[in-house]
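Protein chains get the first letters and strands the later ones, always in sequence-line order, with residue 1 at the start of each.
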Amino acid sequence: MLLVNQIRENYIGVLEGLQKRNFPNAETVLKQALELDDLRKSTQTQRDQIQAESNSISKQIGMLMKEGKKEEAEQAKNRTAEIKVQIKELEEQNSTAEEELKALLYTIPNVPHSSVPAGKSAEDNEVVLEHGTIPELHADKQPHWELIKKYDIIDFDLGVKITGAGFPVYKGKGARLQRALINFFLDEALAAGFTEVQPPILVNEDSGYGTGQLPDKEGQMYFATADNLYLIPTAEVPITNLYRDVILSEEDLPIRNVGYTPCFRREAGSWGAHVRGLNRLHQFDKVEIVQITHPDKSYEALESMSAYVQSLLQKLELPYRVLRLCGGDMGFTSALTYDMEVFSAAQERWLEVSSVSNFETYQTNRLKLRFKGSDKKTQLAHSLNGSALALPRIVAAILENNQTPDGIKMPKVLQPYLGFDKI
RNA sequence: AGAGGAGUGGCAGAGUGGUCGAUUGCGGCGGUCUUGAAAACCGUUGUACCGCGAGGUACCGGGGGUUCGAAUCCCUCCUCCUCUGCCA
């Protein structure tokens with residue numbers, strides 16, 4: 001969430017940023033936040049003063065009791081009765097103001113970076129670059145949802161039987177392709193200097209709030225009611241929360257982690273014509289990279305993460321493009337997001353396979369993720385993450401783009417992992 | 001899952017109702033001494049909020065309560081340890 005001081009000190013900048021996102025009633029909301037903060041401060045000042053008085057009376061009573069002056073002590077007690085009532089009242093006002101402020105701040109999205117284009121929807125995203133050539137396929141080309149049946153490598157019906165729609169079963173070479181991609185992505189990340197972590201895939205409520213899935217996207221996560229745990233929608237949640245309530249030292253930065261996890265998304269109400277087959281699932285696999293950086297270095301880190309993700313796509317020989325998301329299409333918590341899309345030659349459309357974002361202090365403020373610099377001051381770090389990569393659409397693109405009448409060719413880099421070169 | 005025990009500052013570990021943000025040791029930082037280092041000695045050593053400042057308030061696993069006053073008493077939740085049970 002935004003810092004109140006950020007709103008106070010850079011009111012115009014924050015306001016303009018929110019307008020770039022088409023955030024409704026930005027001005028009203030920001031003013032309300034400042035008012036609630038003022039109320040929070042003034043009630044705390046009063047409360048603290050009265051509390052100080054109460055504390056000193058209590059000390060006096062202690063002294064009097066020790067000296068055996070019981071009557072005087074009793075008198076002093078009478079005075080505290082009144083104070084107690086006042087403290088309780090002020091305390092309530094203070095905590096109400098604080099809670100309302102927090103609730104309000106939760107509803108305000110991050111302020112976009114200056115380079116983020118204005119815009120309302122995906123159509124206004126800026127194409128930063130395109131890479132690779134779109135393959136010319138034979139006349140009988142098929143979309144991946146036909147190919148997986150033809151070669152019997154991914155079975156949606158079987159998934160329906162044991163779980164439900166959107167939970168495919170990978171079989172034979174399909175399963176091996178999944179495993180090869182996961183290992184390839186992890187090995188590449190290790191070579192690029194990331195540290196591998198294997199986090200839990202169920203998280204508690206605090207973690208959900210820490211990275212911003214709660215309260216914003218509550219309905220999108222599966223929830224284990226008996227234990228109050230959420231199934232993670234992305235490894236970003238557990239990996240970033242590793243550093244919740246942590247004060248790092250400056251030399252620990254940057255922290256660069258990579259993790260593979262399955263991801264679970266309810267995707268309530270988001271099914272439509274373009275989400276057949278692997279395009280949208282309730283459970284899918286993803287390798288995620290997460291960085292915690294010094295505030296001065298986060299955009300540098302973002303560029304390097306973008307370059308890293310592109311290197312994966314290049315090695316997989318997939319044609320891709322990079323988008324800079326516009327204000328209206330960007331995620332709630334992000335300040336700048338690059339989407340990587342691969343071209344799916346049978347569907348003849350671009351598929352998002354990665355999203356690389358800088359959250360600046362939006363997450364770290366919630367997480368209380370700080371670092372202590374050489375000046376011994378603690379300040380919020382910046383957090384970033386990106387998919388590197390999400391499997392299903394990569395699989396879709398590999399299957400579709402590499403199909404031939406004699407089978408589906410596997411990218412060279414995967415062959416050592418696969419143990420075969422063709423499906 | 002049941003029974004018992006325990007959770008205190010970076011770590012170890014005192015403190016069982018009042019002057020305790022908390023004895024002490026280790027570690028860290030600064031200094032004295034030294035050519036330098038070690039040792040010794042001296043000093044210092046958390047976080048957040050409020051306040052222009054002096055300073056104040058809060059925090060002893062989390063939350064709630066009793067009391068003029070809680071690290072200390074009560075309730076509740078969480079976590080860890082031991083034993084029993086179950087189990088990959």
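Here the P atom of nucleotide G10(B) and the CG atom of Leu248(A) are 14 Å apart, to the nearest Å. As a whole-Å value, the separation of Lys377(A) NZ from U47(B) P is 13 Å. Between Lys372(A) atom NZ and U47(B) atom C1' the separation is 9 Å, expressed in whole Å. Nucleotide G28(B) holds its P atom 21 Å from the CD atom of Glu250(A), rounded to whole Å. Rounded to a whole Å, the CZ atom of Phe371(A) is 18 Å from the C1' atom of G46(B). Per the geometry, CG belonging to Asn228(A) stands 15 Å off C1' belonging to G62(B), to the nearest Å.
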Under 3.5 Å, which N/O atoms of the protein pair with N/O atoms of nucleotides 51-57 of chain B?
| unit_1 | atom_1 | unit_2 | atom_2 | d |
| --- | --- | --- | --- | --- |
| G56(B) | N2 | Asp48(A) | OD2 | 2.9 |
| U57(B) | OP1 | Asn55(A) | ND2 | 3.3 |
| U57(B) | O2' | Asp48(A) | OD1 | 3.1 |

Polar atoms only, N or O, under 3.5 Å: list the protein pairs with nucleotides 64-68 of chain B and their distances.
| unit_1 | atom_1 | unit_2 | atom_2 | d |
| --- | --- | --- | --- | --- |
| C68(B) | O4' | Thr80(A) | OG1 | 3.4 |
| C68(B) | O2' | Ser58(A) | OG | 3.1 |

List, with names and distances, any nitrogen or oxygen atoms from the protein found under 3.5 Å away from nitrogen or oxygen atoms belonging to nucleotides 72-80 of chain B.
none

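Mapping Thr378(A) and Met63(A) onto RNA chain B by nearest heavy atom places Met63(A) closer to the 5' end of the strand.
Taking the charged nitrogens against the carboxylate oxygens, Glu35(A) and Lys31(A) have no contact shorter than 4.0 Å, which rules out a salt bridge. Checked for salt-bridge contact, Glu146(A) and Lys149(A) miss the test: no charged N lies under 4.0 Å from a carboxylate O. One finds a salt bridge joining Glu91(A) and Arg47(A) here, because a Lys/Arg side-chain nitrogen approaches an Asp/Glu carboxylate oxygen to under 4.0 Å. We find that Arg40(A) and Asp37(A) are joined by a salt bridge, their nearest charged nitrogen and carboxylate oxygen being less than 4.0 Å apart.
Spacing of P atoms, A71(B) relative to U66(B), comes out at 16 Å, to the nearest Å. Nucleotides G61(B) and U72(B) place their P atoms 8 Å apart, quoted to the nearest Å. Taking atom C1' in both C60(B) and C73(B), the straight-line distance is 16 Å, to the nearest Å. Remark: the separation of the P atoms in U32(B) and A48(B) is 31 Å, to the nearest Å. Comparing A40(B) with C33(B), their C1' atoms are spaced 9 Å from each other, to the whole Å. Atom C1' of G9(B) sits at a distance of 6 Å from the matching atom of G46(B), rounded to the whole Å. Remark: the separation of the C1' atoms in U8(B) and C59(B) is 12 Å, to the nearest Å.
A 6.0 Å sphere centred on CD of Gln314(A) holds more than 12 heavy atoms belonging to other residues, nucleotides or ligands.
With Asn204(A) contributing its side chain and Asn228(A) its backbone, the two residues share no donor-acceptor pair below 3.5 Å. A donor-acceptor contact shorter than 3.5 Å is absent between the side chain of Arg244(A) and the backbone of Leu367(A).
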According to the Watson-Crick and G-U wobble definition with distances under 3.5 Å, which dot-bracket string, read 5' to 3', encodes RNA chain B, using [ ] for crossing pairs and | for pairs with another strand? ((((((((.[[[..)..(.....]]]((((((.......))))))(((((....))))).[[[[[..)....]]]]])))))))....

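By the 30° and 60° cut-offs, the orientation of the rings of Phe184(A) relative to Tyr417(A) is perpendicular.
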Side chain to side chain donor-acceptor pair (under 3.5 Å), that's the test. Do Tyr230(A) and Glu218(A) meet it? Break it down for me. CA-CA 9 Å; Tyr230(A) 294 87; Glu218(A) 170 123 45; 2.8 Å; yes

Could you check Gln347(A) against Glu400(A) for side chain to side chain donor-acceptor pair (under 3.5 Å), going step by step and ending with a plain yes or no? CA-CA 8 Å; Gln347(A) 299 180 67; Glu400(A) 292 183 12; 3.1 Å; yes

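Across all strands, Arg40(A) comes closer than 4.0 Å only to sugar-phosphate atoms, never to a base (heavy-atom distances).
With Val203(A) as reference, Ile232(A) is the one residue of Thr211(A), Ile232(A), Leu229(A) to meet the side chain to side chain contact (heavy atoms under 4.5 Å, CB included) rule.
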Would you be so kind as to tabulate the donor-acceptor pairs closer than 3.5 Å made by side chains of residues 151-162 of chain A, with sequence neighbours excluded?
| unit_1 | atom_1 | unit_2 | atom_2 | d |
| --- | --- | --- | --- | --- |
| Asp152(A) | OD1 | Lys171(A) | NZ | 3.0 |
| Asp155(A) | OD1 | Asp157(A) | N | 3.0 |
| Asp155(A) | OD1 | Leu158(A) | N | 2.9 |
| Asp155(A) | OD2 | Lys171(A) | NZ | 3.2 |

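Annotation: ring pair (Phe, Tyr, Trp, His ring centres under 6.0 Å) contacts involving residues 162-182 of chain A, sequence neighbours excluded, comprise Phe167(A)-His282(A).
To the nearest 0.5 Å, atoms CG (Asp329(A)) and CZ (Arg21(A)) are separated by 10.0 Å.
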